[in-house]
Amino acid sequence: MSYLIRGATLPDGTTTDLLLRDGVLAEGPADGAEVIDAEGLRVLPGLVDLHTHLRQPGREDAETIETGSRAAALGGYTAVCAMANTDPVADAAGIVEQVWRLGREVGLVDVQPVGAVTLGLGGERLAELGAMADSAARVRVFSDDGHCVHDAAVMRRALEYVKAFDGVIAQHAEDPKLTAGAQMNEGEQSARLGLTGWPAVAEEAIIARDALLAAHVGSRLHVCHVSTAGSVEVLRWAKSRGIRVTAEVTPHHLLLTDELAATYDPVYKVNPPLRTAEDVNALREALADGTIDAVATDHAPHTREDKECEWAAARPGMLGLETALPIVLRTMVETGLLDWAGVAERMSHAPARIAGLTGDGATGAHGRPLAAGEPANLVLVDPSASWTVTPEGLASISRNTPYAGLTLPGRVVATFLRGRATVLDGKAQA
Ligand SMILES: NC(=O)N[C@@H](CC(=O)O)C(=O)O
Ligand SMILES: [Zn+2]
C-alpha cells in the first residue's frame with residue numbers, strides 16, 4: 001500500500017505533498033497511491049518515547065505490549081523505549097530479545113527494550129549490559145527506573161561499561177534515603193495535608209552527583225522525568241561544562257501541580273511527585289531553551305486495584321501515551337514557548353538520538369528528517385480538533401489518566417510506521 005499525503009504542513013510551516021512507498025518517503029509518480037487530504041493538518045516525524053512502562057511480562061492485567069503499542073500509535077508514536085521494571089526484570093539478553101520480538105509481532109510501534117542497570121533492579125550487581133547490547137534487541141539505554149542506582153560505585157561502573165558501545169545510563173534520580181515514606185512533594189502543600197514529603201533535593205543531589213560521575217568517566221548520562229527548578233539549574237551547569245548529560249520531562253510535570261494532592265485522588269500520585277507552579281514554569285522554560293532535551297511520557301499503567309484505593313496504598317504512576325502531544329501543544333505551543341519544529345525536535349529527533357535509534361539498527365531508524373529516501377515514520381495531526389479525555393476512550397487496559405474530562409487541542413489523524421498506517425482516521429489499524 002502506498003499513500004499520497006496531500007498538502008500537509010511540515011514542522012517548518014511549509015506545505016508539501018508526501019509520497020509513502022515501499023516504506024520510505026519517495027519521489028516520482030504517485031500512481032496507485034491512496035490519497036489522503038491533509039489540508040490544514042500538521043505532519044511530524046513519528047514521535048519517540050524514551051520512557052514507557054508496557055508491563056509485559058508480569059503485569060499484563062495493567063498493560064500488554066499490544067495494548068501499549070496501540071496507545072502509542074494513537075498518540076502519534078512510532079517507537080517507544082520499554083522500561084525494564086517488568087516481572088521478570090529485563091536484565092538479560094533473553095528477556096530484552098523477547099520484548100523486542102513481541103513488539104515486532106504486534107507491529108504497531110517499534111518497541112525498543114531498555115535494559116536494567118543492575119540485576120533484578122537490586123542496585124548492587126551490574127546486569128549483563130554487554131550481552132543486552134549485543135543481542136537482537138540492540139539495547140543502548142539502561143535504567144533501573146522505578147529505583148535509583150544509588151550506589152555511586154555501581155553508577156560509575158555502569159557508565160564506564162556502556163561507553164564502549166555509546167550506551168547511556170538513564171537515571172531515576174531519587175535519593176531513597178531522602179524520600180523514605182514520601183507521599184508527595186515536600187513543601188507547603190505536604191505540610192498542610194500532613195503527608196510525608198519528597199524533597200526536591202533528593203532529585204537534585206543525584207543529578208549533580210551523576211553529572212560529575214559522567215564527566216569523570218566521559219560517558220553519557222540521561223536523567224529521567226526531571227521535576228524541579230533546582231534540577232534545571234544543575235542540568236544547565238552540567239551542560240555549560242560540556243558534560244554529556246541529557247534530560248527528559250513528562251507532560252504531567254509540564255501541566256499539573258502538587259495542589260492536586262489535596263483531592264487525595266491517587267490518580268495524581270506519581271514519582272517523582274507533582275511539584276509547584278514555579279517548578280512547572282522552570283521546566284517549561286528549560287524545555288524551550290533545550291536544557292531539557294526531550295519530552296517522555298513515563299506512561300505508567302496501573303490496575304484499578306492498585307490505583308483506586310487510599311492515597312498511601314496506591315501505586316505511583318499515570319497514563320501518558322495518548323495525551324502527551326496534546327499536553328505539549330497546550331503547555332508549550334499555545335503558550336508560544338515552542339513552535340512545531342520545536343515539538344518535532346523534543347518529541348522525535350532528540351529522543352531518537354538519545355536512545356540511539358536514528359541509525360539502522362534492529363528497530364530501524366526514527367527521528368529522521370522528513371526527506372526523500374528516509375523511512376516513512378510520521379504522524380498527521382489536526383491542530384484545530386479538540387477532544388475531551390475519557391478514561392474509557394483510551395486504548396490502554398488501565399484507566400489511570402489524570403486528564404479525565406479535560407478538553408485538549410490536537411488530534412492524531414494518522415500514524416505511519418515504515419509507510420504502513422498504524423492509525424488511520426484516528427483509529428488504530430490492528
Ligand atoms: N513514575 C511512576 O510513578 N511509576 C513508574 C516508575 C517510574 O517511572 O519511576 C511505574 O513503573 O509505575
Ligand atoms: Zn522513574
Side-chain angles (χ1 to χ4, degrees), residues 49-65 68 71 80-91 99 113-118 120-121 123 141-150 155 168-176 179 182-185 198 202-203 206-207 210 221-228 231 247-254 256 258 260-261 265-275 294-309 311-321 323-324 396-402:
D49 192 19
L50 284 167
H51 194 144
T52 310
H53 296 278
L54 290 177
R55 303 295 189 223
Q56 186 177 354
R59 286 308 300 264
E60 290 86 347
D61 52 340
E63 197 78 289
T64 65
I65 289 171
V80 301
C81 297
M83 276 297 169
N85 64 338
T86 48
D87 184 10
V89 170
D91 60 5
V99 168
V114 172
V117 178
T118 65
L121 309 178
V141 182
F142 297 87
S143 182
D144 275 1
D145 184 62
H147 303 267
C148 182
V149 180
H150 186 228
M155 188 64 180
V168 61
I169 304 295
Q171 176 69 295
H172 169 114
E174 171 186 357
D175 187 319
T179 59
Q183 293 293 331
M184 66 173 294
N185 179 46
W198 199 124
E203 175 173 307
I206 294 290
I207 299 177
D210 288 353
L221 169 72
H222 177 73
V223 186
C224 296
H225 41 49
V226 167
S227 70
T228 78
S231 295
E248 67 187 37
V249 63
T250 70
H252 46 271
H253 288 110
L254 290 172
L256 308 176
D258 62 353
L260 289 163
D265 184 342
V267 80
Y268 301 116
K269 183 173 173 180
V270 65
N271 273 348
L274 299 176
R275 305 286 190 181
V295 173
T297 67
D298 192 9
H299 181 79
H302 288 294
T303 61
R304 287 182 191 279
E305 204 173 45
D306 285 337
K307 214 52 185 164
E308 293 174 17
C309 49
W311 183 281
R315 298 268 179 104
M318 301 173 164
L319 299 183
L321 286 168
T323 47
S396 281
I397 293 176
S398 294
R399 295 283 166 256
N400 55 309
T401 175

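All residue numbers in this chain count up from 1 along the given sequence. What you see below is based on every heavy atom in this structure, not just the backbone, and it leaves out hydrogens, waters and symmetry mates. Atoms within a ligand are numbered from 1 in the order they appear, just like the ligands themselves.
- Here the rule is side chain to side chain contact (heavy atoms under 4.5 Å, CB included) with M318, and of V267, T250, L274 only L274 fits it.
- Atom OG of S227 is separated from atom CD of E203 by 3.5 Å, given to the nearest 0.5 angstrom.
- The distance from ligand 1 to the heavy atoms of D145 drops below 4.0 Å at these ligand atoms: 6 (C), 7 (C), 8 (O), 9 (O).
- No option in D61, D306, L319 other than L319 meets the side chain to side chain contact (heavy atoms under 4.5 Å, CB included) test with P301.
- Of the protein's heavy atoms, N271 N, 2.8 Å lies nearest to atom 3 (O) of ligand 1.
- Atom CG of D144 is separated from atom CE of M155 by 9.5 Å, given to the nearest 0.5 angstrom.
- Heavy-atom contacts of H225 reach the following atoms of ligand 1: 8 (O), 9 (O) (cutoff under 4.0 Å).
- For atom 11 (O) of ligand 1, the nearest non-hydrogen atom from the set T86, N85, N400 comes from N85.
- Remark: ligand 1 atoms within the under-4.0 Å shell around heavy atoms of G146 are 6 (C), 7 (C), 9 (O).
- Proximity to V270 (heavy-atom distance under 4.0 Å) selects the following atoms of ligand 1: 3 (O).
- With contacts defined as side-chain heavy-atom distances shorter than 4.5 Å, the pair C148/I206 qualifies.
- By the 3.5 Å distance cut-off applied to N or O atoms, P316 is counted among the residues near ligand 1.
- Around the CD atom of E305, the shell of radius 6.0 Å holds no more than 12 heavy atoms that belong to other residues, nucleotides or ligands.
- The distance from the Zn ion (ligand 2) to the nearest N/O/S atom of H225 is under 2.8 Å.
- Close contacts between ligand 1 and H51 involve ligand atoms 8 (O) [criterion: under 4.0 Å to a heavy atom].
- Interface atoms of ligand 1 facing H302, defined by a heavy-atom separation under 4.0 Å, are 12 (O).
- The shortest contact between atom 5 (C) of ligand 1 and any protein heavy atom is with H53 NE2, 3.6 Å.
- With rounding to the nearest 0.5 Å, the separation of CG in L54 from CG in N85 is 10.5 Å.
- Of the protein's non-hydrogen atoms, D298 OD2, 2.7 Å is the one closest to atom 1 (N) of ligand 1.
- Note: H225 and H51 have tilted aromatic rings, judged against thresholds of 30 and 60 degrees for the angle between ring planes.
- A pairwise comparison of heavy atoms in A84 and A116 identifies CB-N, 3.5 Å as the closest pair.
- With ligand atoms numbered from 1 in the order given, ligand 1 contributes 9 (O) to contacts under 4.0 Å with heavy atoms of H172.
- Contacts between R55 and ligand 1 below 4.0 angstrom, taking non-hydrogen atoms only, involve the side chain exclusively.
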Can you check side-chain contact (heavy atoms from CB on, under 4.5 Å) on M184 and Y268, steps first, answer last? CA-CA 9 Å; M184 66 173 294; Y268 301 116; over 6 Å; no

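- The Zn ion (ligand 2) forms the vertex of an angle spanning OD1 of D145 and ND1 of H172; to the nearest 10 degrees it equals 90°.
- At least one N or O atom of G317, backbone or side chain, sits closer than 3.5 Å to an N or O atom of ligand 1.
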